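Written below as C-alpha coordinates is the structure these notes are about.
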Amino acid sequence: MLYYGSSRIFYEKGLTLAAKLAAGSTLKITRVSAGAGQTAQTASALSQIRQNLTVGAPVRKENTATLPVTLATGLAESAYTLRELGVYAQDPSEGEVLYKLYRLSEPVDIFPNSRLVLRFYLEETVSQDVNTVVACEVQGLGHQSVYLLNCDFNGNQKGTAIEVGNGMTARALNCTIKNYSHAALTEYDGFLVVSCENTEATSGNLCGARTYLGGIIQMGLYTDPMLGGTHFTKSGGLIVKPDNAVA
(Lines give C-alpha, C1' and ligand atoms only; values in the text may rest on other atoms or scores of the structure.)
Protein backbone atom coordinates (compact mmCIF):
# COMPACT_ATOMS: atom_id res chain seq x y z
CA MET A 1 0.00 0.00 0.00
CA LEU A 2 1.02 3.62 -0.28
CA TYR A 3 2.13 3.73 3.33
CA TYR A 4 5.04 1.49 2.32
CA GLY A 5 6.22 4.26 0.01
CA SER A 6 5.65 5.78 -3.40
CA SER A 7 7.57 7.57 -6.13
CA ARG A 8 6.61 11.01 -7.46
CA ILE A 9 6.81 11.69 -11.19
CA PHE A 10 6.34 14.94 -13.11
CA TYR A 11 4.97 14.82 -16.66
CA GLU A 12 5.68 17.23 -19.52
CA LYS A 13 2.73 19.53 -18.94
CA GLY A 14 3.26 19.24 -15.22
CA LEU A 15 6.83 20.46 -15.60
CA THR A 16 5.58 23.38 -17.70
CA LEU A 17 3.09 24.27 -14.99
CA ALA A 18 5.77 23.91 -12.31
CA ALA A 19 7.84 26.52 -14.16
CA LYS A 20 4.86 28.88 -14.16
CA LEU A 21 4.38 28.29 -10.44
CA ALA A 22 7.99 29.29 -9.86
CA ALA A 23 7.12 32.61 -11.47
CA GLY A 24 4.35 33.19 -8.94
CA SER A 25 1.19 31.43 -10.23
CA THR A 26 -1.31 29.69 -7.94
CA LEU A 27 -1.30 25.88 -7.86
CA LYS A 28 -4.98 25.00 -8.37
CA ILE A 29 -5.71 21.30 -7.85
CA THR A 30 -8.74 20.17 -9.87
CA ARG A 31 -8.90 16.46 -8.98
CA VAL A 32 -6.95 13.42 -7.81
CA SER A 33 -7.68 10.15 -9.64
CA ALA A 34 -6.87 6.49 -8.97
CA GLY A 35 -5.30 4.52 -11.81
CA ALA A 36 -4.93 0.80 -12.44
CA GLY A 37 -2.31 1.04 -15.20
CA GLN A 38 1.25 2.27 -15.57
CA THR A 39 1.25 5.68 -17.17
CA ALA A 40 3.91 6.22 -19.84
CA GLN A 41 6.30 9.15 -19.36
CA THR A 42 5.01 10.75 -22.56
CA ALA A 43 1.33 10.46 -21.60
CA SER A 44 -0.90 13.45 -20.98
CA ALA A 45 -3.45 11.57 -18.85
CA LEU A 46 -3.45 8.94 -16.12
CA SER A 47 -3.67 5.39 -17.45
CA GLN A 48 -6.80 3.34 -16.68
CA ILE A 49 -8.59 5.79 -14.39
CA ARG A 50 -10.95 3.92 -12.08
CA GLN A 51 -12.30 6.53 -9.65
CA ASN A 52 -11.72 10.00 -8.26
CA LEU A 53 -10.67 10.58 -4.67
CA THR A 54 -12.17 12.98 -2.16
CA VAL A 55 -9.83 15.94 -1.76
CA GLY A 56 -9.38 17.85 1.49
CA ALA A 57 -8.13 21.37 2.05
CA PRO A 58 -4.33 21.68 1.66
CA VAL A 59 -2.20 22.41 4.72
CA ARG A 60 0.73 24.76 4.17
CA LYS A 61 3.87 24.71 6.30
CA GLU A 62 6.74 26.83 5.00
CA ASN A 63 7.72 25.38 1.59
CA THR A 64 5.55 22.26 1.84
CA ALA A 65 1.86 21.97 0.99
CA THR A 66 0.23 18.73 2.14
CA LEU A 67 -2.91 17.59 0.33
CA PRO A 68 -5.08 15.03 2.20
CA VAL A 69 -7.00 12.76 -0.20
CA THR A 70 -9.37 9.91 0.63
CA LEU A 71 -10.25 6.83 -1.40
CA ALA A 72 -13.53 5.11 -0.49
CA THR A 73 -13.29 1.63 -2.01
CA GLY A 74 -17.05 1.16 -1.81
CA LEU A 75 -17.51 3.90 -4.44
CA ALA A 76 -15.57 1.97 -7.09
CA GLU A 77 -17.70 0.74 -10.00
CA SER A 78 -15.76 -2.53 -10.25
CA ALA A 79 -12.78 -4.30 -8.74
CA TYR A 80 -9.32 -3.10 -9.76
CA THR A 81 -5.72 -2.92 -8.62
CA LEU A 82 -4.65 0.55 -7.50
CA ARG A 83 -1.17 1.35 -8.85
CA GLU A 84 -1.06 5.12 -9.29
CA LEU A 85 -2.56 8.38 -8.07
CA GLY A 86 -2.72 11.20 -10.59
CA VAL A 87 -2.92 14.82 -9.46
CA TYR A 88 -4.58 17.12 -11.99
CA ALA A 89 -4.19 20.91 -11.83
CA GLN A 90 -5.35 23.97 -13.76
CA ASP A 91 -2.82 25.47 -16.15
CA PRO A 92 -3.67 29.14 -16.88
CA SER A 93 -3.22 28.61 -20.64
CA GLU A 94 -3.60 24.84 -21.18
CA GLY A 95 -6.58 24.11 -18.93
CA GLU A 96 -6.59 20.96 -16.81
CA VAL A 97 -3.35 18.95 -17.06
CA LEU A 98 -1.82 15.91 -15.38
CA TYR A 99 0.44 17.75 -12.96
CA LYS A 100 2.08 14.94 -11.03
CA LEU A 101 1.82 11.18 -10.55
CA TYR A 102 2.39 9.13 -7.41
CA ARG A 103 3.26 5.50 -8.17
CA LEU A 104 2.68 3.02 -5.34
CA SER A 105 5.59 0.81 -4.39
CA GLU A 106 3.10 -2.00 -3.70
CA PRO A 107 -0.29 -2.17 -5.53
CA VAL A 108 -3.56 -2.35 -3.58
CA ASP A 109 -6.54 -4.51 -4.59
CA ILE A 110 -9.76 -2.47 -4.50
CA PHE A 111 -13.17 -4.15 -4.20
CA PRO A 112 -16.45 -2.22 -4.63
CA ASN A 113 -18.23 -4.17 -1.86
CA SER A 114 -15.56 -3.25 0.70
CA ARG A 115 -16.03 -0.69 3.48
CA LEU A 116 -12.32 0.16 3.53
CA VAL A 117 -11.42 3.83 3.31
CA LEU A 118 -7.81 4.84 2.58
CA ARG A 119 -6.37 8.25 3.26
CA PHE A 120 -3.17 9.53 1.63
CA TYR A 121 -1.18 12.67 2.37
CA LEU A 122 0.44 14.01 -0.81
CA GLU A 123 3.25 16.50 -0.29
CA GLU A 124 4.15 19.23 -2.74
CA THR A 125 7.23 21.43 -2.36
CA VAL A 126 6.44 25.01 -3.34
CA SER A 127 8.12 28.38 -2.94
CA GLN A 128 6.96 30.87 -0.33
CA ASP A 129 5.27 32.90 -3.09
CA VAL A 130 3.09 30.05 -4.40
CA ASN A 131 -0.43 29.65 -3.07
CA THR A 132 -2.16 26.23 -3.20
CA VAL A 133 -5.93 25.91 -3.57
CA VAL A 134 -8.38 23.09 -4.34
CA ALA A 135 -10.76 23.80 -7.21
CA CYS A 136 -12.85 20.62 -6.77
CA GLU A 137 -15.36 20.13 -3.97
CA VAL A 138 -13.79 19.54 -0.56
CA GLN A 139 -15.57 16.76 1.34
CA GLY A 140 -15.18 14.82 4.55
CA LEU A 141 -15.97 11.22 5.46
CA GLY A 142 -17.17 9.95 8.82
CA HIS A 143 -15.92 6.46 9.69
CA GLN A 144 -12.45 6.07 8.21
CA SER A 145 -9.29 4.01 8.24
CA VAL A 146 -6.41 6.47 8.18
CA TYR A 147 -2.80 5.64 7.30
CA LEU A 148 0.09 7.96 8.17
CA LEU A 149 3.54 7.22 6.77
CA ASN A 150 6.86 8.85 7.63
CA CYS A 151 5.16 11.84 9.26
CA ASP A 152 7.27 14.17 11.39
CA PHE A 153 5.20 15.48 14.30
CA ASN A 154 7.13 18.03 16.34
CA GLY A 155 5.21 20.29 18.70
CA ASN A 156 5.97 22.71 21.52
CA GLN A 157 4.70 20.48 24.37
CA LYS A 158 1.16 21.63 23.65
CA GLY A 159 -1.74 19.86 21.96
CA THR A 160 -2.06 16.30 20.68
CA ALA A 161 -0.10 14.81 17.79
CA ILE A 162 -2.56 12.00 16.87
CA GLU A 163 -6.12 11.78 18.20
CA VAL A 164 -8.52 8.98 17.23
CA GLY A 165 -12.16 8.58 18.30
CA ASN A 166 -15.72 7.66 17.32
CA GLY A 167 -14.79 4.16 16.18
CA MET A 168 -12.11 5.37 13.76
CA THR A 169 -9.05 3.22 13.02
CA ALA A 170 -5.65 4.84 12.37
CA ARG A 171 -2.15 3.52 11.73
CA ALA A 172 0.91 5.71 12.14
CA LEU A 173 3.91 3.95 10.60
CA ASN A 174 7.55 5.06 10.83
CA CYS A 175 6.49 8.36 12.37
CA THR A 176 8.41 10.76 14.61
CA ILE A 177 6.36 12.20 17.48
CA LYS A 178 8.19 14.64 19.75
CA ASN A 179 7.47 17.46 22.20
CA TYR A 180 3.68 17.24 22.60
CA SER A 181 1.35 17.48 25.57
CA HIS A 182 -0.11 14.19 24.29
CA ALA A 183 1.68 12.06 21.70
CA ALA A 184 -1.32 9.78 21.11
CA LEU A 185 -4.89 9.87 22.39
CA THR A 186 -7.81 7.52 21.75
CA GLU A 187 -11.39 7.75 22.99
CA TYR A 188 -14.89 6.44 22.21
CA ASP A 189 -13.76 3.08 20.73
CA GLY A 190 -11.02 4.59 18.59
CA PHE A 191 -8.15 2.26 17.64
CA LEU A 192 -4.61 3.50 16.95
CA VAL A 193 -1.48 1.61 15.95
CA VAL A 194 1.79 3.51 16.45
CA SER A 195 4.90 1.91 14.96
CA CYS A 196 8.26 3.71 14.94
CA GLU A 197 11.57 2.57 13.48
CA ASN A 198 13.27 2.99 16.86
CA THR A 199 12.66 4.18 20.41
CA GLU A 200 14.34 7.54 19.69
CA ALA A 201 11.50 8.54 17.35
CA THR A 202 9.42 9.62 20.37
CA SER A 203 10.71 11.94 23.08
CA GLY A 204 9.84 15.04 25.07
CA ASN A 205 6.11 14.25 25.28
CA LEU A 206 4.43 15.06 28.58
CA CYS A 207 1.94 12.23 28.08
CA GLY A 208 2.94 9.55 25.61
CA ALA A 209 -0.30 7.56 25.48
CA ARG A 210 -3.71 8.51 26.84
CA THR A 211 -6.79 6.38 26.25
CA TYR A 212 -10.29 6.17 27.71
CA LEU A 213 -13.92 5.22 26.96
CA GLY A 214 -12.98 2.08 25.01
CA GLY A 215 -10.06 3.60 23.10
CA ILE A 216 -7.11 1.32 22.29
CA ILE A 217 -3.48 2.14 21.47
CA GLN A 218 -1.27 -0.67 20.09
CA MET A 219 2.48 -0.03 19.83
CA GLY A 220 4.75 -1.54 17.19
CA LEU A 221 7.81 -3.71 17.85
CA TYR A 222 10.54 -1.03 17.97
CA THR A 223 8.43 1.73 19.49
CA ASP A 224 9.20 3.29 22.87
CA PRO A 225 6.60 1.66 25.19
CA MET A 226 6.07 5.05 26.88
CA LEU A 227 5.86 7.02 23.59
CA GLY A 228 8.31 9.51 25.02
CA GLY A 229 6.16 10.36 28.05
CA THR A 230 3.78 8.79 30.56
CA HIS A 231 0.71 6.53 30.28
CA PHE A 232 -2.86 7.30 31.27
CA THR A 233 -5.89 5.00 30.96
CA LYS A 234 -9.46 5.50 32.18
CA SER A 235 -12.97 4.11 31.73
CA GLY A 236 -12.16 1.03 29.68
CA GLY A 237 -9.20 2.40 27.77
CA LEU A 238 -6.40 0.00 26.82
CA ILE A 239 -2.70 0.48 26.02
CA VAL A 240 -0.78 -2.49 24.55
CA LYS A 241 3.02 -2.30 24.68
CA PRO A 242 5.41 -3.61 21.96
CA ASP A 243 5.81 -6.91 23.86
CA ASN A 244 1.97 -7.27 23.92
CA ALA A 245 1.86 -6.55 27.65
CA VAL A 246 -0.97 -4.30 28.81
CA ALA A 247 0.19 -1.03 30.34
Side-chain angles (χ1 to χ4, degrees), residues 1-4 54 56-61 64 66-74 114-121 123 138-247:
M1 292 187 179
L2 185 59
Y3 54 76
Y4 290 134
T54 300
V59 177
R60 175 72 177 267
K61 183 178 181 181
T64 301
T66 301
L67 186 70
V69 297
T70 304
L71 188 153
T73 59
S114 171
R115 299 180 62 185
L116 178 65
V117 177
L118 302 177
R119 173 167 285 187
F120 308 100
Y121 293 85
E123 291 189 347
V138 176
Q139 302 176 356
L141 296 172
H143 183 76
Q144 299 179 10
S145 295
V146 178
Y147 296 89
L148 306 172
L149 169 69
N150 297 334
C151 292
D152 184 7
F153 298 98
N154 201 325
N156 56 359
Q157 293 194 330
K158 296 181 180 180
T160 302
I162 306 173
E163 183 173 352
V164 180
N166 298 321
M168 179 183 289
T169 297
R171 289 171 173 79
L173 307 178
N174 297 337
C175 292
T176 298
I177 310 173
K178 296 183 177 182
N179 304 318
Y180 277 89
S181 175
H182 293 83
L185 184 152
T186 60
E187 58 186 348
Y188 300 106
D189 300 322
F191 178 69
L192 171 64
V193 176
V194 179
S195 181
C196 302
E197 290 185 337
N198 52 61
T199 57
E200 297 177 358
T202 52
S203 64
N205 300 306
L206 299 181
C207 180
R210 180 186 179 98
T211 180
Y212 58 100
L213 296 174
I216 300 174
I217 295 177
Q218 168 75 64
M219 300 179 200
L221 182 61
Y222 302 108
T223 308
D224 175 11
M226 301 300 290
L227 287 181
T230 61
H231 284 160
F232 180 84
T233 61
K234 183 179 179 181
S235 302
L238 183 66
I239 298 173
V240 182
K241 295 182 178 181
D243 61 359
N244 290 323
V246 178

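Counting begins at 1 with the first residue of the sequence. Predicted, not measured: the structure shown is a model, and the values here were computed from it.
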Any side-chain heavy-atom pair from T202 and V194 closer than 4.5 angstrom? no

Atom pair CD1/NE2 of I162 and H182 - distance to nearest 0.5 Å: 13.5 Å

Could you check whether any side-chain N or O of S195 sits under 3.5 Å from a backbone N or O of T223, counting only pairs where one atom can act as donor and the other as acceptor? no

Could you state the interatomic distance from CZ (F153) to OG1 (T160), rounded to the nearest 0.5 Å? 11.5 Å

Report the distance from atom CG of L185 to atom CZ of F232, rounding to the nearest 0.5 Å. 10.0 Å

What's the separation between atom CG in N244 and atom CG in L221, rounded to the nearest 0.5 Å? 9.5 Å

If we ignore hydrogens and angles and just use 3.5 Å, is the side chain of T211 paired with the main-chain N or O of G215 as donor and acceptor? yes

Is a side-chain N or O of S235 found less than 3.5 angstrom from the main chain of Y212, in a donor-acceptor match? no

Euclidean distance, K234 NZ relative to E187 CD, rounded to 0.5 Å: 12.0 Å

Taking N205 for the side chain and N179 for the main chain, is one N or O donor matched with an acceptor at less than 3.5 Å? yes

Do you know the tightest heavy-atom contact between C196 and C175? SG-O, 3.2 Å

Where do E200 and K178 come nearest, in terms of heavy atoms and distance? O-CE, 3.3 Å

Determine the minimum heavy-atom distance between A184 and L227, stating which atoms define it. CB-CD1, 4.0 Å

Could you state the interatomic distance from CG (N154) to OH (Y180), rounded to the nearest 0.5 Å? 6.5 Å

For the student: nearest non-hydrogen atoms of P225 and H231, plus distance: O-NE2, 2.6 Å

Here the pair of heavy atoms bringing M219 nearest to D224 is SD-O, 3.7 Å

Among I239, L192, V193, find the one that has a side-chain contact (heavy atoms from CB on, under 4.5 Å) with Q218. V193

